[in-house]
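Working notes for the structure below.
Keep in mind that what you see is a predicted model, and the values were worked out from it rather than measured.
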Amino acid sequence: MRDTLPVLWTLASGNTAFDISEAERMLADRRHNIFKLKIGKRDLIDDVAHVGAIKRALGADVSIRVDVNQRWTETVAKRGIAMLADVGADVVEQPVPYRNRAAMARLRSDAAIPLMADEAVHGPGDAFDLATRAAADIFSIKIAQCGGLSAARATASIAHSAGIELYGGTMLEAGVGTAASAQLFATLPALDYGTELFGSLLVREDILATPLVYRDFLLEVPQGPGLGIALDPDKIAYFRRDRTSARSSSTIG
């Protein structure tokens, strides 16, 4: 049982200088030291140059991963994975369309760095098929995408039995969903690639009575019964869709 979970941050602007500056702020604030870059829209050479420049700027102690979001063909992916390994990327997430599991298996068989399945993992059935095909080194586990807490737990169990490593993914849930994910991920026997549980950091007004705690590059797993959280009744009343009174910023302080 873990009390804390590593949390990465996604750098998605595509502007190399801006992404480096953003990452440096995160490092200085001790909020994140693992970063994922969204790539695949530009020419392969440009994407690899972008990744390499950020890795060089941030240094050897910072993990840089990439998410291609299914944008590559198998041919491009074979080149791209090798090039990304050369510039210091640690992981390539879902390089080809999720239905093309045969391509994932072929790519994984000679990839220089681990391949992560994300959109391809929609629950235990997918997990079993991907494991049987040896189509991924890592599964991204998302409670919403897998069909809930129990299905996500079963998906993780299949991965663990098959020797596939785990990553705690997110659908960018706010505080409640993030807490639920954290409770599950805290119980997994292995979580070698950390988590992506930064969704609550994107919400300006959450409905939690006490915000989730992020410090020293980690998320503190909420303690207490249930999900370990309490809801703020004033905020729930403020955000009700069927409320009849006018909204006022003073309502929630």
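In this structure the side chain of I207 never reaches within 4.5 angstrom of the side chain of D232, judged on heavy atoms. The shortest distance between side-chain heavy atoms of L166 and L191 falls below 4.5 Å. By the 4.5 Å heavy-atom criterion applied to side chains, W72 and I39 are counted as neighbours. Side chains of V176 and L231 form a contact here, defined as non-hydrogen atoms less than 4.5 Å apart.
R79 and T75 share no side-chain donor-acceptor pair at under 3.5 Å.
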side-chain hydrogen bond (donor to acceptor under 3.5 Å, both in side chains) evaluation trace for E119 with N69: CA-CA 8 Å; E119 287 87 353; N69 281 124; 3.1 Å; yes

V68 and Q94: CA distance, side-chain angles, deciding distance, side chain to side chain contact (heavy atoms under 4.5 Å, CB included) verdict: CA-CA 6 Å; V68 187; Q94 203 65 56; over 6 Å; no

Stepwise side chain to side chain contact (heavy atoms under 4.5 Å, CB included) test for L188 and R2: CA-CA 9 Å; L188 299 180; R2 301 171 184 82; 4.3 Å; yes

Residues T210, I229; criterion side chain to side chain contact (heavy atoms under 4.5 Å, CB included); working and verdict: CA-CA 8 Å; T210 303; I229 55 174; over 6 Å; no

Worked check of side chain to side chain contact (heavy atoms under 4.5 Å, CB included) between L8 and H32: CA-CA 6 Å; L8 67 64; H32 305 281; 5.6 Å; no

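E93 CD to L37 CG: the interatomic distance, rounded to the nearest 0.5 Å, is 11.5 Å. Here the straight-line distance linking atom OG1 of T178 with atom CD of E173 works out to 6.0 Å at 0.5 Å rounding. For the atom pair CD (E24) and CG (L27), the distance works out to 7.5 Å, reported to the nearest 0.5 Å. Here the CG atom belonging to L197 is positioned 6.0 Å from the CG atom belonging to L219, to the nearest 0.5 angstrom. Once rounded to the nearest 0.5 Å, the distance linking CD1 of I64 with CG of L11 reads 6.5 Å. In this structure, CZ in R31 is found 13.5 Å from CG in D216, a value given to the nearest 0.5 Å.
Residue pairs meeting the ring pair (Phe, Tyr, Trp, His ring centres under 6.0 Å) criterion with at least one member in residues 173-202, sequence neighbours excluded: W9-F198. Within the structure, salt bridge (Lys or Arg N to Asp or Glu O under 4.0 Å) contacts touching residues 127-149 (residues at least two apart or in different chains) are R101-D129, R108-D137, D118-K142, D129-R133.
Contact between A127 and T155 at its shortest, heavy atoms only, is CB-CG2, 3.7 Å. Taking both residues in full, the closest heavy atoms of D206 and S200 are given as OD2-CB, 4.1 Å, listed atom of the first, atom of the second, then distance. The two atoms that bring K55 and A60 nearest to each other are NZ-O, 3.7 Å, heavy atoms only. Taking both residues in full, the closest heavy atoms of Y167 and E196 are given as OH-OE1, 2.5 Å, listed atom of the first, atom of the second, then distance. Between I138 and P114, the closest heavy-atom pair is CD1-CB, 3.7 Å. Here the closest heavy-atom approach between residue A120 and residue L130 is recorded as O-CD1, 3.7 Å.
With hydrogens and angles ignored, the 3.5 Å screen pairs no side-chain donor or acceptor of K41 with any backbone N or O of D47. Side chain of T195 to main chain of P6: a donor-acceptor pair is present (N/O by atom type, distance under 3.5 Å, no hydrogens or angles). The backbone N or O of E220 lies less than 3.5 Å from no partner atom in the side chain of R215, so there is not a single donor-acceptor pair. For H50 (side chain) and N15 (main-chain N/O), no donor-acceptor pair under 3.5 Å exists by modelled atom type. Proximity of a side-chain donor or acceptor of Q145 to a complementary backbone N or O of I143 within less than 3.5 Å is not detected. Using a distance-only test at 3.5 Å, with no hydrogens or angles considered, no donor-acceptor pair links the side chain of S21 to the main chain of A17.
Tracing side-chain contacts under 4.5 Å through hydrophobic residues (I, L, V, M, F, W, Y), one never reaches I164 starting from F128; they form parts of separate clusters. Using a 4.5 Å cut-off between side-chain heavy atoms of Ile, Leu, Val, Met, Phe, Trp and Tyr, with links allowed through other members, V203 and Y214 fall into different hydrophobic clusters. Cluster annotation: F139 is connected to L149 through the hydrophobic network of ILVMFWY side chains, with a link wherever side-chain heavy atoms come within less than 4.5 Å. Following chains of ILVMFWY side-chain contacts shorter than 4.5 Å, one cannot reach V96 starting from Y98, and the two form parts of different hydrophobic clusters. Linking ILVMFWY side-chain heavy atoms closer than 4.5 Å, directly or via other members, places L202 and F35 in a single hydrophobic cluster.
Paired with V48 under the rule side-chain contact (heavy atoms from CB on, under 4.5 Å), one option of L44, I45, V51 passes, and it is L44. For the side-chain contact (heavy atoms from CB on, under 4.5 Å) criterion with P222, the lone passing option out of L227, L212, L208 is L212.
More than 12 non-hydrogen atoms from other residues, nucleotides or ligands lie less than 6.0 angstrom from CG of D110. Residue-environment remark: NZ (K78) stays at or below the threshold of 12 foreign heavy atoms within 6.0 Å. Within a 6.0 Å sphere centred on CZ of R99, other residues, nucleotides and ligands contribute 12 heavy atoms or fewer.
Between R65 and D90 there is no salt bridge, since no side-chain N of the basic residue sits under 4.0 Å from a carboxylate O of the acidic one.
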